[in-house]
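Chain identifiers are assigned alphabetically (A, B, ...) following the order of the sequence lines, protein sequences preceding nucleic acid strands; residue numbering begins at 1 within each chain. Scope of the values below: all heavy atoms of this structure, side chains included, with no hydrogens, waters or symmetry mates.
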Amino acid sequence: TLLGLVATDAPIAPAALQKCLEEAVRVSFNCISVDGDMSTNDTILALANGQAPTVQGSADKLPHGAEISESSHPALLAKFSEQLTSLCLEMAHLVVRDGEGAEKFVQVRVRGAGSYEDAHAIASSISTSSLVKCAMHGADANWGRILCAAGYATLTGKSGWTIDPHKVNVTFVAPEGVQGIAPLPALVNGTPLVVDEAHAAELLRHEDICVDVDMQGGSWSAKEADAEAVFWTCDFSKEYVAINGDYRT
Amino acid sequence: RAQSTLSKAERFVVPIDAKSLPRGYLVASTYAGVKNAISPSPAAALSGVPKPDLALVVSSTPAAIAGVFTTNKFQAAPVVHATNALQAAQPNGPRAIAVLANSGCANAVTGKEGLEDTEELVELVRNELNPASKPSQPGPSDVLMLSTGVIGVRLPVGTIRRALYHLVHGQVLQSNPEAWLDVARAYMTTDTFPKLRTRQFMLGDRQCSMLAIDKGAGMIHPHMTTPGGLHA
């Protein structure tokens, strides 16, 4: 189960707080998976009590007792929303890093889709695949499992956008902070390349693994379909089975 | 970034500066014995210092509150309670004075009795924090609850009630990094480390602080939304 609590002393009106939380969760907690199971209890609450102290000398004064809302202070609310989203992202990543038995932290970025929802669905499908997660555990640049999981993703179907198998690129890239390792394209325009195992091993030996899946617009042109979504998951290890074979209801 | 020999706790628990804590919150946690009441384990009893499993976060003034909840059809009692509380909010929006959390028992799939258990406990918190308030005042609840742990078992209300009295009246409500870290520990189930982060930023002339706690290690694939009618 995912539980979370955010407590701030920022003066945010309830409706604005709700909106900011929804947006923050949409791109953070709703983009993680450890084992593909949704709990009966997942909850994130946010509290804002407005008790933040005033700093003397600041030009931009908030009246005493005023609450920030979309209509009253849109720029300040945007700044708050940015901070909340950034914090939620960090907290969501910690959950993935502490996933039961997890040894790897995997980022799956899907680009060139018809909508955020479709990109999210594809990224979610890849991130939930047991076979992809096992491959990540074994440091295996297994583009085939990634492609397979992308192919059965449940798309929204609203816009008519679909994946074009002849346009998909799969690339393994170095995680942030790791220098000097070139990206490793494994599939280009739906065609597999010969994977340099040494290069793959160099990328995948790291705890953090980044997979980039570019749909290149799919059934539309790349200009028409440029939506992207990022999902975070972990590998699937023997330890996960040990923990959950032991846990009792 | 290479595989580390350090434990996750050693790598991901970061020191918290007291100055970065949000103002106007007091917190406390304790070992209430929820886990032992649900699933007595001789091994756990022999494992040394018991882990906290009950935590209370109190705002000294009614705080704006927002929430997102699981879309699982079998929503646990605290989810149903919180959803109702937020939906029944006054015109100026939902406000809360406290959030009670327990680990060890999810209070899920416990039916009407499970919801009554949640209601009893949040009412107890509300009355203990504010003895002047009339019991069972009509209106939306301004105390919410979070539960996590085993599904299908009722909360040990009596056990929690005794611990709650200690949390509220035992001079243990405080605001410092250690107290917040213990609250994060009380949220843990199969987590290997407590998850707590803070940050500071300016909003106009206000020096704001924000703190977050979360937990989760398994049964993790959230899709949380606001219930109907709750959207901003």
Problem - Pair A:Ser86-B:Arg199, side-chain donor/acceptor within less than 3.5 Å - result: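 Yes - a donor-acceptor pair under 3.5 Å links their side chains.
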Practice task
With a 4.5 Å heavy-atom cut-off (strictly below), which parts of residues 207-214 of chain B touch chain A? List them by number.
Solution key: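 At a heavy-atom separation under 4.5 Å, chain A is reached by B:Gln207, B:Cys208, B:Ser209, B:Met210, B:Leu211, B:Ala212, B:Ile213, B:Asp214.
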With a 4.5 angstrom heavy-atom cut-off, which part of [X] approaches chain A: side chain, backbone, both or neither?
X: B:Val183; value: neither
X: B:Ser103; value: neither
X: B:Leu144; value: side chain
X: B:Tyr187; value: side chain
X: B:Val99; value: side chain

Highest number of heavy-atom pairs under 4.5 Å with chain A: which of [options]?
options: B:Lys8, B:Arg23, B:Lys73, B:Arg95; value: B:Arg23
options: B:Ser59, B:Gly149, B:Ser147, B:Ser60; value: B:Ser147
options: B:Val80, B:Val79, B:Leu21, B:Ile220; value: B:Ile220
options: B:Ala63, B:Ala108, B:Ala64, B:Ala76; value: B:Ala64

Compare all side-chain heavy atoms of [X] with those of [Y] and state whether any distance is below 4.5 angstrom.
X: B:Tyr25; Y: A:Asn49; result: yes
X: B:Asn107; Y: A:Asn41; result: no
X: A:Thr40; Y: B:Thr70; result: no
X: B:Leu203; Y: A:Phe80; result: yes
X: A:Met91; Y: B:Arg197; result: yes
X: B:Leu86; Y: A:Gln18; result: yes
X: B:Thr61; Y: A:Gln51; result: yes
X: B:Pro222; Y: A:Ile32; result: yes

Residue [X] excluded, over 12 heavy atoms near [atom1] under 6.0 Å:
X: B:Gln200; atom1: CD; answer: yes
X: B:Lys51; atom1: NZ; answer: no
X: A:Glu82; atom1: CD; answer: no

Can you tell which of [options] has the highest number of heavy-atom pairs within less than 4.5 Å of chain B?
options: A:Ala48, A:Ser58, A:Ala52; result: A:Ala48
options: A:Leu21, A:Leu47, A:Leu17; result: A:Leu47
options: A:Ala13, A:Ser39, A:Gly99; result: A:Ser39
options: A:Asp9, A:Asp60, A:Val96; result: A:Asp9
options: A:Ala7, A:Gly4, A:Ala75; result: A:Ala7
options: A:Val6, A:Thr233, A:Ile243, A:Ile44; result: A:Ile44

Can you tell me how far apart [atom1] ([X]) and [atom2] ([Y]) are? Round to the nearest 0.5 Å.
X: B:His223; Y: A:Ser33; atom1: NE2; atom2: OG; answer: 13.5 Å
X: B:Ile65; Y: A:Ile12; atom1: CD1; atom2: CD1; answer: 14.5 Å
X: A:His93; Y: B:Phe12; atom1: NE2; atom2: CZ; answer: 11.5 Å
X: B:Arg11; Y: A:Asp98; atom1: CZ; atom2: CG; answer: 10.0 Å
X: A:Glu100; Y: B:Asp191; atom1: CD; atom2: CG; answer: 8.5 Å

Please report the closest heavy-atom contact between [X] and [Y], naming both atoms and the distance.
X: B:Gly216; Y: A:Val95; value: O-CG1, 3.4 Å
X: B:Phe193; Y: A:Leu94; value: CZ-O, 3.9 Å
X: B:Arg206; Y: A:Gly65; value: NH2-N, 4.0 Å

Given 3.5 Å as the limit, does a donor-acceptor pair link the side chain of [X] with the main chain of [Y], or not?
X: A:Lys79; Y: B:Met202; value: yes
X: B:Asp205; Y: A:Leu62; value: yes
X: A:Asn30; Y: B:Met224; value: yes
X: A:Asp35; Y: B:Met219; value: yes

Side chain, backbone, both or neither: which part of [X] has a non-hydrogen atom closer than 4.5 Å to chain B?
X: A:Gln56; result: neither
X: A:Val55; result: both
X: A:Gln83; result: both
X: A:Ala92; result: backbone
X: A:Leu77; result: neither

Exercise for the section: For residues B:His221 and A:Phe231, establish whether the separation of their ring centroids is below 6.0 Å. Expected result: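 Between B:His221 and A:Phe231, the centre distance is under 6.0 Å.
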